[in-house]
Amino acid sequence: MKERKVKNVFMDGAISSQFIGESIAKHQSKTTIGAHNIFLGQVRADEVDGKQISAIDYTAHQEMANAKFFEIRETTFEKFNLTCMHIYHSLGEVKTGEICLFVFVSSPRRKEVFKALEYIVEEIKAKVPIFGKELFEDESHQWKVNS
Amino acid sequence: MKERKVKNVFMDGAISSQFIGESIAKHQSKTTIGAHNIFLGQVRADEVDGKQISAIDYTAHQEMANAKFFEIRETTFEKFNLTCMHIYHSLGEVKTGEICLFVFVSSPRRKEVFKALEYIVEEIKAKVPIFGKELFEDESHQWKVNS
Amino acid sequence: MNLKIKYFGVLAEITNCSEETIAYTKGSVSDVLMLLFEKYPTLKETDFQVAQDLEIVSKDTLLLESEIALLPPFSGG
Amino acid sequence: MNLKIKYFGVLAEITNCSEETIAYTKGSVSDVLMLLFEKYPTLKETDFQVAQDLEIVSKDTLLLESEIALLPPFSGG
């Protein structure tokens, strides 16, 4: 199940709910799995100084980001007993309410998926060079800072 | 968002990946949400004494179970800052590879969803009177015990 | 007075019954269990809890309701 | 020797440039940064890290590669 090569984690634009549903469906033939855990990052319509965010435009140092995603993937497989792991991140414009991050882990047992999923998401936030430009309705913008 | 009445958490048979995808889609109009976390329980094809499990037939003390699901729901909303929470559990036969439990929590921030989701799943396993009869391919069976 | 007893999971299999009504005089959960252990000796070796009014109760709880449920270990999810 | 410099996020906005090549003589990351701070004074007040060969490096790292990247705080997810 483990793939030993760097994959491209990026998708153009938002990640659709249909794509997520289909990813889940693909795992129904893997009958050693007992628990899945899925994290989805969704773009919030935050208000800043009376203006509302309408979208985030994501850019990345793609080569470095994919290398970091690969490192996170390898480390996670070493630390936790997982059957499989999938990570997708958006590039380009993602509107409020749309999904920009999809992390999907599966294991025979539930304890592993909880620990693994939180670990992966925190690692992505800390180590992957992705940059979000928050676009306001009046076409001004600000650069996103993770908290 | 919080509903103060006991709801029916049970669905007949397996929970489809399409239903899960559609549940995710419904949340895209809720633009205060920044993070979703989803747990899925999937029926494993475990081997016991050389025989393989082919399905689990779920029964429940339904009235008590729905009351317990409601209690868990209320306590979770008190303990964690969630925007919404959905729980579905199968009744009847669910084949190996199919999904029998779907727990979906959403919040403005990610820290809350991780803690809340694990809390809910552990509470369900411990407190809700649901009983799984593991069916083997030779039509014999055994009663599932949670670990 | 009549007491309705509901059996779930493996208990319904042991008793070959999902619901029955027995005559009982006032008492606690353990008084009823004594009757049931006589009727279904296998029950004695089986792990279960008793619920009254949708809540798990201890063996020395007085029976207030006209219905109890015998629940084997939970295995949802 | 020529050094290719890539700018990301707010840094590309400040420099108005996503990639440029500068002439440099051997040295460390901080030697290059001094050149860049002269060219783009705003950079000095901006929080960023430097990556060489796809890894974050410290300011006193010697430049080995012909390319570095200037990365503002990460905000993925």
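Proteins get letters first, then strands, A, B, ... in listed order; numbering begins at 1 in each.
Annotation for A:Q42 and B:K30: closest pair NE2-O, 3.3 Å, computed over non-hydrogen atoms. For the pair B:V121 and A:R110, the tightest heavy-atom approach, listed with the atom from each and the gap, is CG1-CD, 3.8 Å.
Using non-hydrogen atoms only and a strict 4.5 Å limit, the part of residues 100-108 of chain B facing chain A consists of B:P108.
The environment of A:K127 atom NZ is sparse: at most 12 non-hydrogen atoms of other residues, nucleotides or ligands sit within 6.0 angstrom. Heavy atoms of other residues, nucleotides or ligands lying less than 6.0 angstrom from CD of A:E63 number 12 at most.
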Show me, pair by pair, the donor-acceptor contacts under 3.5 angstrom made by side chains of residues 12-20 of chain A, not counting sequence neighbours?
unit_1	atom_1	unit_2	atom_2	d
A:S16	OG	A:F19	N	3.0
A:Q18	NE2	A:E22	OE2	3.1

Less than 3.5 Å apart, which donor and acceptor atoms pair up between the side chains of residues 47-56 of chain B and the rest of the protein, not counting sequence neighbours?
unit_1	atom_1	unit_2	atom_2	d
B:K51	NZ	B:S140	OG	2.7
B:S54	OG	B:L135	O	3.2

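Screening A:L117, A:L40, A:N37 for a side chain to side chain contact (heavy atoms under 4.5 Å, CB included) with B:I38, the sole residue that qualifies is A:L40.
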Run the side-chain contact (heavy atoms from CB on, under 4.5 Å) check on B:R109 and A:R44 step by step: do they pass?
CA-CA 10 Å; B:R109 310 234 159 238; A:R44 277 197 315 271; 3.3 Å; yes

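Note on A:I24, A:V43, A:I99, A:I33: by heavy-atom pairs under 4.5 Å with chain B, the leading option is A:I33. By number of non-hydrogen pairs under 4.5 angstrom with chain A, the leading residue of B:A25, B:S29, B:G34 is B:G34. In terms of heavy-atom pairs under 4.5 angstrom with chain A, the leader among B:E98, B:H27, B:E122 is B:E122.
Looking at B:K95, there are no atoms closer than 4.5 Å to chain A (heavy atoms on both sides), in backbone or side chain.
A search for side chain to side chain contact (heavy atoms under 4.5 Å, CB included) contacts involving B:T31 returns A:A45, A:T96, not counting sequence neighbours.
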